[in-house]
Amino acid sequence: MRQRLEGLLQHALTRSKEGGALKLDSLPPLIFEIPRDPRFGDLASPVALGLAKSEGQAPRAIAQVIVEHLDDADGLLAGIEIAGPGYLNFRFAPGFWKQCLVDLEREDCGVPRLAEGERVLVEYVSANPTGPLHVGHGRGAVLGDAVARLLAVVGYDVTREYYVNDAGKQIDTLAASSLARLEQAWGRDCEIPEDGYPGEYLVELMRDQRDAVTAQLAERVGATEPADAGAALALIDAHRDAAMEVCGGVASRCLLDQIVADMDALAVSMDHFVSERELRQRGVVDGALAELAERGFLYEEEGAKWFRSTQFGDEKDRVIERSDGALTYFAADIGYHREKLARGFAELIDVWGADHHGYVARVSAALQALGADAERFRVLLVQLVRLTRGGEPVRMGKRSGEFVTLREVVDEVGSDATRFFFLMRKGDSQLEFDLDLAVKQSSENPVFYVQYAHARICSILRQAEQESLAVPEADGVAIERLDSDSEQELIKSLAIYADTVAEAAREREPHKIVFYLIDLAGSFHRFYNQQRVIGEDADLSAARLYLVRSTQRVLRHGLELVGIGAPETM
RNA sequence: GCCCUCGUAGCUCAGUUGGAUAGAGCACAGGAUUCCUAAUCCUGGGGUCACAGGUUCAAUUCCUGUCGGGGGCACCA
């Protein structure tokens with residue numbers, strides 16, 4: 001809707017400038033807003049107010065000039081008013097609305113192409129493969145997935161990636177913990193390490209994998225497969241280092257498989273999994289450090305190697321290589337992000353937990369030091385999720401290792417509701433997730449409210465089909481018959497869909513789609529309650545059927561965009 | 001202590017990048033169904049946009065400070 005008017009206004013401004021009526025040293029942003037009060041028209045622009053200063057004229061006078069230079073050749077406008085301090089209030093002709101509905105017939109629902117094949121990498125989840133995903137990971141997973149879908153729909157060439165931290169201390173800890181669980185599985189009474197992973201999942205995992213892991217160990221050290229528990233434990237004791245490595249490898253692989261399954265249950269997928277260990281082995285990290293050194297951003301102090309991140313706005317310089325010679329996690333991250341750039345991505349988006357926000361400045365600094373513009377890297381932070389049940393907080397004691405897993409939530413409320421709730425809030429604000437509400441099948445629960453709107457429409461269309469009523473072609477739609485308040489409201493809701501998607505994509509804020517869908521569902525339910533679609537008047541029924549089918553298309557497109565199902569019956 | 005972030009109706013949250021009288025859902029009170037799904041709709045009350053300054057024709061929005069919630073400040077990952 002905006003697009004069409006933008007052209008018109010742009011043209012009027014240009015003509016005003018050419019005619020000398022306005023100076024327009026710089027073209028102002030064309031702001032449009034949908035007025036609260038319908039008396040202020042269908043779409044309003046305060047552009048004249050913004051120009052008042054630079055033009056040295058009264059806003060209303062400027063508005064007058066703009067109106068005089070408008071050239072509405074296609075007859076889109078039914079009226080323009082200059083109101084209040086200098087608003088331009090536009091009112092559209094029926095033909096305009098019809099054109100908006102026709103746009104929705106296209107495969108892409110008229111969503112504009114903001115980028116043509118520009119390559120963007122969205123990295124999300126990237127949880128350490130040391131345990132199942134918890135609820136916070138789930139929020140990041142859904143946000144990353146939704147952003148990827150959003151960017152794809154406006155024309156970006158999107159790659160989804162998961163960075164696997166399979167090197168370093170957390171994997172050593174996992175290895176030590178799983179070795180202890182393996183020994184327990186063979187009947188030995190031993191404790192897991194002090195700072196190990198205490199979760200029950202490792203007990204189960206090593207119980208299931210006991211024979212396989214042991215066999216793998218035997219093969220690796222060239223021993224015969226142990227025949228009983230005593231022999232197995234003897235083998236482990238004789239080769240503890242190898243045993244630990246085998247345990248760590250098997251455990252992290254199994255846990256990653258489980259993570260993939262957890263994401264799958266939430267309709268979240270990845271194109272690539274990138275292994276930190278592999279990056280290190282391929283020399284990617286060393287290469288990045290060499291380039292930083294070459295560019296003069298590294299220095300040595302107190303036996304360690306530092307990166308001069310303060311040159312790019314970080315609070316302090318960061319250690320790249322510790323005095324004991326080990327590379328820091330940050331060093332690996334630099335290598336990974338440099339490699340992303342090298343693969344030809346124009347833009348890098350990372351989805352991180354908000355507890356990592358202190359990390360943004362240093363990674364950004366590293367990328368800038370490597371010659372990338374700061375705008376090419378963007379981090380989306382997701383805040384904590386507070387689980388509640390009927391308003392009461394659900395306790396999550398991480399100390400015991402028994403936290404609420406993502407899978408538990410998805411199993412209880414389903415993928416659709418989980419995704420919807422995660423996307424109902426801006427990513428960087430805290431989220432309260434009420435498990436009781438999410439399963440409720442009533443208007444209190446916005447997921448069902450939206451899905452129900454879609455199911456109702458399907459029901460109407462089924463009914464129409466039974467009565468051999470066809471949805472008409474656009475040409476045959478008497479749009480001017482749809483003149484009641486609820487019909488107008490619904491048409492306007494539909495008309496702003498493409499604008500909403502474009503805006504959500506530009507801001508990387510999928511929650512705007514969710515809010516839109518709730519709003520659209522509301523417009524539809526109101527319409528449904530006030531008007532009968534299938535009735536005596538054939539022309540009117542046809543027009544309403546067309547409207548309903550348009551609504552169905554948008555609901556489907558929008559739900560698909562956030563990865564939520566559009567059921568045909570409830 | 002320093003940095004980031006948030007503070008909007010009783011609750012959960014939107015607010016179109018600075019515009020007209022600040023919105024929605026829930027909760028609460030009342031009402032609507034011979035008819036396409038009442039899992040819906042309609043009506044009503046409810047606000048010092050945390051507070052104090054500043055910039056502006058115009059501030060919930062931008063700047064500064066204060067208070068409060070959350071997070072971050074390792075040669076950890």
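Letters A, B, ... mirror the listed sequences (proteins, then strands); counts begin at 1.
- The shortest distance between the side-chain N/O atoms of A/Arg322 and the OP1/OP2 oxygens of B/rA74 is not below 4.0 Å.
- A sub-4.0 Å separation between OP1 or OP2 of B/rC36 and a side-chain N or O of A/Arg462 is absent.
- In this structure A/Val439 satisfies the side-chain contact (heavy atoms from CB on, under 4.5 Å) test together with A/Val413, sequence neighbours excluded.
- Rounded to whole Å, the distance from NE2 on A/His511 to C1' on B/rU12 is 14 Å.
- B/rC75 atom C1' lies 13 Å from atom CZ of A/Phe330, rounded to whole Å.
- Of the N and O atoms on the side chains of A/Ser364 and A/Gln368, at least one donor lies less than 3.5 Å from an acceptor on the other residue.
- A/Ser468 and A/Glu465 share no donor-acceptor pair across their side chains, judged by distance under 3.5 Å alone.
- Aromatic ring centres of A/Tyr497 and A/Tyr516 lie closer together than 6.0 Å.
- Checked against the 6.0 Å centroid threshold, A/Phe273 and A/Tyr163 do not count as a close aromatic pair.
- With P as the reference atom, B/rA22 and B/rA29 are 28 Å apart, rounded to whole Å.
- No donor-acceptor contact under 3.5 Å links the side chain of A/Glu432 to the base of B/rC13.
- Nearest-nucleotide positions on RNA chain B place A/Phe527 closer to the 5' end than the other of A/Phe527 and A/Ala52.
- With sequence neighbours left out, the salt bridge (Lys or Arg N to Asp or Glu O under 4.0 Å) criterion links A/Arg549 to no other residue.
- By the 5.5 angstrom centroid cut-off and the 30-degree plane limit, A/Phe40 is classified as stacked against the base of B/rA20.
- Side-chain contact, A/Asp428 with A/His357: no donor N or O sits under 3.5 Å from an acceptor N or O.
- For the C1' atoms, the distance from B/rC57 to B/rG18 is 12 Å, rounded to whole Å.
- Spacing between atom CD1 of A/Ile518 and atom C1' of B/rC26 amounts to 12 Å, rounded to whole angstrom units.
- The aromatic rings of A/His356 and A/Tyr359 sit perpendicular to each other, their planes meeting at more than 60°, with 30° as the lower class boundary.
- With both ends at atom P, the span from B/rA9 to B/rG23 equals 14 Å, rounded to whole Å.
- Judged by distance alone, with hydrogens and angles left aside, A/Asp519 brings no side-chain donor or acceptor close enough to the base of B/rA14 to form a pair under 3.5 Å.
- Looking at A/Val548 and A/Val471, their side chains never come closer than 4.5 Å, going by heavy atoms from C-beta outward.
- With both ends at atom P, the span from B/rA14 to B/rG7 equals 8 Å, rounded to whole Å.
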Please list, for nucleotides 16-18 of chain B, all pairs of protein and nucleotide N/O atoms separated by less than 3.5 Å.
unit_1	atom_1	unit_2	atom_2	d
B/rU17	N3	A/Glu507	OE2	3.3
B/rU17	O4	A/Glu507	OE1	2.3
B/rU17	O4	A/Glu507	OE2	3.0

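- Only the C1' atoms considered, B/rG15 is 15 Å distant from B/rA20, to the nearest whole Å.
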Taking Watson-Crick (N1-N3 plus N6-O4 or O6-N4) and G-U wobble (N1-O2, O6-N3), each under 3.5 Å, can you produce the dot-bracket string of RNA chain B? Use [ ] for crossing pairs and | for inter-strand ones.
(((((((..((((.....[...)))).(((((.......))))).....(((((..]....))))))))))))....
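- Note on A/Tyr516: every side-chain N or O is 4.0 Å or more away from OP1 and OP2 of B/rA14.
- Using cut-offs of 30° and 60° on the angle between ring planes, the pair A/His511 and A/Phe515 is perpendicular.
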Taking distance alone, no hydrogens or angles, what donor-acceptor pairs closer than 3.5 Å link side-chain atoms of residues 311-322 of chain A to residues at least two apart or in another chain?
unit_1	atom_1	unit_2	atom_2	d
A/Asp314	OD1	A/Arg318	NH2	3.1
A/Asp314	OD2	A/Ser309	OG	3.0
A/Asp314	OD2	A/Arg318	NE	2.8
A/Asp314	OD2	A/Arg318	NH2	3.4
A/Asp317	OD1	A/Ser309	N	3.3
A/Asp317	OD1	A/Thr310	N	3.1
A/Asp317	OD1	A/Thr310	OG1	2.7
A/Asp317	OD2	A/Tyr299	OH	2.7
A/Arg318	NE	A/Lys316	O	3.3
A/Arg322	NE	A/Asp324	OD1	3.4
A/Arg322	NH2	A/Asp324	OD2	3.2

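- Under a cutoff of 6.0 Å and an axis angle of 45°, A/Arg362 and A/Phe307 do not form a cation-pi pair.
- Atom C1' of B/rC41 sits at a distance of 16 Å from the matching atom of B/rA24, rounded to the whole Å.
- Distance noted for atom C1' between B/rC11 and B/rG46: 13 Å (whole Å).
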Distances for protein N or O near nucleotides 3-10 of chain B N or O, under 3.5 Å:
unit_1	atom_1	unit_2	atom_2	d
B/rC3	O2'	A/Glu315	OE2	3.3

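- Distance, A/Asp485 CG to B/rC42 P: 12 Å, rounded to whole Å.
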